[in-house]
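Excluded from the calculations below are hydrogen atoms, water molecules and symmetry mates; all remaining heavy atoms, backbone and side chain alike, are included. Keep in mind that this is a model prediction, so the values were computed, not measured. Start at 1 with the first residue, then count along the sequence. One-based numbering, in listed order, for ligands and for the atoms of each.
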Amino acid sequence: MAKLWGGRFTKSTNKLVDEYTASISYDKELAKEDIEGSLAHVQMLGECGIVTPEEAKTIQRGLRAILEKVEKGEVRFSVDQEDIHMNIEKMLIDEIGPVGGKLHTGRSRNDQVATDMHLYMRNKTRELIELLENVQSALLSQAKVNVDTILPGYTHLQRAQPISFAHHLLAYFWMFERDKSRLVDSLKRINVLPLGAGALAGTTFPINRRRVAELLDFDDIYPNSLDAVSDRDFVVEALSAASLIMVHLSRLSEEMVLWSSQEFKFIELDDAFCTGSSIMPQKKNPDVSELLRGKTGRVFGHLIGLLTVLKGLPLAYNKDMQEDKEGIFDTVRTLTGALRLLAPILETMTVNSERMRHAVEKDYSNATDMADYLAKKGIPFREAHEITGKIVLFAIEHGKYLLELGLDDYKQFSQLFEEDIFEALKPEHVMRARESEGGTAPHQIERQIKLAEQKININR
Ligand code: ARG
């Protein structure tokens with residue numbers, strides 16, 4: 001089939017080259033953005049007298065007709081037209097005749113594709129922010145009903161100190177809050193218009209870039225045409241923000257896998273969000289959480305992939321840059337799928353507070369509080385730590401937990417112990433005593449919940 005750029009060629013393109021260089025199989029994802037950008041471009045061309053107002057109207061009518069077909073899924077894209085830009089331009093010419101060929105006046109595919117990517121990233125970034133907020137809401141509602149739910153807090157995956165389950169969940173809330181703020185911040189750099197940069201140097205036509213920016217609701221335009229067409233920083237930034245989101249999702253998923261195991265049994269995931277085994281009838285697997293964790297690698301891969309594509313490129317546009325697309329499309333799909341599922345999984349999980357409570361009774365995670373008890377009576381903390389360590393060892397040797405020893409036992413190690421040590425060592429007390437700002441005491445968690453609620457409300 002004839003190429004839109006065929007004029008200078010004497011032979012038709014080798015089939016393998018067509019297939020190798022074409023991006024239509026994936027950049028068709030940009031169809032709507034491409035048309036949106038073209039509608040604004042031709043509007044400006046008409047207003048600036050570069051095409052007649054009638055021509056502009058005809059072209060816009062044609063573009064809208066194609067958009068409708070795209071939305072209904074009625075268009076057939078062709079590898080012969082290489083990418084989304086040329087596919088749509090060809091459809092336009094087929095739709096309205098040779099006047100369609102005026103659309104590409106004063107622009108290049110280089111500034112066009114950059115514009116499409118900016119529009120795409122803007123849409124998707126906003127969508128992701130909303131999806132993150134849904135997950136935050138789910139975490140918040142579980143936190144609200146679990147302020148008094150005690151579970152063992154871990155460091156090194158060893159029992160450390162009892163904490164509130166709400167506190168644990170809210171830790172993830174704040175990770176997602178940072179993720180959100182990274183995405184919000186990135187919008188500043190996404191919302192800048194490259195169109196009008198031409199192939200690399202600008203254009204000889206008297207275009208009005210600011211008008212196009214206004215029509216497409218961009219805050220600013222790139223001040224340098226070379227940078228405009230060469231910049232994919234905003235895609236790298238998105239991949240980097242996405243990688244961190246995946247880190248957070250993966251850590252939470254790992255905990256959900258762990259917590260729902262027979263060994264922990266801290267939570268039970270809803271049947272609707274689990275899968276079975278084809279051989280072991282008893283199995284109920286946390287597949288979604290596992291996949292969520294597993295899909296982290298591909299997102300990291302896409303980040304490294306694009307950084308590597310860009311690192312050696314001379315200015316301005318190079319075909320290598322077409323490799324920016326599959327990675328970010330896949331990343332957006334991966335994140336969207338994960339976030340959509342995570343919110344209902346969190347909302348529907350059953351929290352086994354009895355099991356968690358039981359767990360903190362059968363450990364030594366109140367030992368810090370014994371050391372604190374002595375330190376509050378004037379013993380340097382380091383010594384208090386040493387004494388407590390000896391008591392823990394004594395307890396272990398006698399097959400007992402700290403609360404199962406008697407006051408006489410304690411007094412062998414320090415005369416400062418009184419009857420009130422038993423209260424100080426109860427898991428509830430241990431948790432409630434951590435009143436420092438940002439600590440796990442219920443009163444502090446209530447404050448945290450208020451703060452979290454404000455964060456969600458501000459952004460809604
Ligand atoms: N499909 C190309 C891409 O995604 C569009 C820009 C092509 N420009 C060019 N001069 N070949 O990067």
Side-chain angles (χ1 to χ4, degrees), residues 1-9 12-14 16-38 40-41 63 66 70 75 77-93 101 103-124 190 193-204 212 222 225-236 238-239 302 305-333:
M1 200 189 281
K3 294 276 193 290
L4 289 175
W5 41 253
R8 167 250 180 271
F9 287 79
S12 56
T13 324
N14 181 302
L16 290 174
V17 172
D18 270 344
E19 277 163 22
Y20 193 71
T21 57
S23 51
I24 187 61
S25 64
Y26 48 87
D27 68 12
K28 58 181 184 221
E29 177 102 23
L30 297 171
K32 286 185 197 164
E33 284 82 1
D34 195 69
I35 296 174
E36 193 188 346
S38 288
H41 175 67
L63 286 169
I66 297 167
V70 168
V75 290
F77 297 109
S78 146
V79 170
D80 293 324
Q81 296 308 330
E82 191 179 320
D83 59 20
I84 187 63
H85 324 295
M86 292 200 292
N87 265 272
I88 288 180
E89 193 178 328
K90 176 74 170 51
M91 283 177 213
L92 180 70
I93 293 166
L103 169 64
H104 210 51
T105 314
R107 83 174 179 190
S108 143
R109 269 189 296 157
N110 300 348
D111 54 348
Q112 183 181 0
V113 71
T115 304
D116 291 6
M117 290 301 282
H118 277 267
L119 289 169
Y120 171 85
M121 281 319 317
R122 186 170 71 184
N123 290 339
K124 295 302 176 186
I190 290 172
L193 177 77
L195 205 66
L200 75 165
T203 172
T204 56
V212 180
Y222 276 85
S225 61
L226 287 173
D227 185 38
V229 291
S230 310
D231 177 29
R232 292 296 183 273
D233 294 359
F234 63 104
V235 184
V236 173
L239 290 168
H302 296 319
L306 184 59
L307 283 168
T308 312
V309 165
L310 295 174
K311 76 168 261 297
L313 291 186
L315 296 182
Y317 177 84
N318 300 271
K319 184 75 168 179
D320 315 45
M321 289 164 76
Q322 182 167 287
E323 287 292 305
D324 64 349
K325 293 183 189 59
E326 283 168 291
I328 188 68
F329 293 166
D330 182 67
T331 296
V332 166
R333 258 193 307 277

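- Under the side-chain hydrogen bond (donor to acceptor under 3.5 Å, both in side chains) criterion, Asp116 pairs with His85, not counting sequence neighbours.
- Without hydrogens or angle criteria, Asn87 side chain to Ser78 main chain gives a donor-acceptor distance under 3.5 Å.
- A donor-acceptor distance shorter than 3.5 angstrom exists from the side chain of Asp27 to the backbone of Ile84, with no hydrogens or angles considered.
- Taking Asp233 as the reference, nothing meets the side-chain hydrogen bond (donor to acceptor under 3.5 Å, both in side chains) condition, with sequence neighbours excluded.
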Provide, line by line, the atom pairs where ligand 1 and the protein bring an N/O atom each to a distance under 3.5 Å; else say none.
{"from": "ligand 1", "atom 1": "1 (N)", "to": "Ser23", "atom 2": "OG", "distance (Å)": "3.4"}
{"from": "ligand 1", "atom 1": "1 (N)", "to": "Asp83", "atom 2": "OD2", "distance (Å)": "2.9"}
{"from": "ligand 1", "atom 1": "1 (N)", "to": "Gln322", "atom 2": "OE1", "distance (Å)": "2.8"}
{"from": "ligand 1", "atom 1": "4 (O)", "to": "Lys325", "atom 2": "NZ", "distance (Å)": "2.5"}
{"from": "ligand 1", "atom 1": "8 (N)", "to": "Asn110", "atom 2": "OD1", "distance (Å)": "2.9"}
{"from": "ligand 1", "atom 1": "10 (N)", "to": "Asn110", "atom 2": "OD1", "distance (Å)": "3.1"}
{"from": "ligand 1", "atom 1": "11 (N)", "to": "Arg109", "atom 2": "NH2", "distance (Å)": "3.4"}
{"from": "ligand 1", "atom 1": "12 (O)", "to": "Tyr317", "atom 2": "OH", "distance (Å)": "2.5"}

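- Enclosure of atom NZ in Lys319 by more than 12 non-hydrogen atoms of other residues, nucleotides or ligands within 6.0 angstrom is indicated.
- For Phe329, the ring-ring contact (aromatic ring centres under 6.0 Å, His included) partners two or more places apart in sequence, or in a different chain, are Tyr120.
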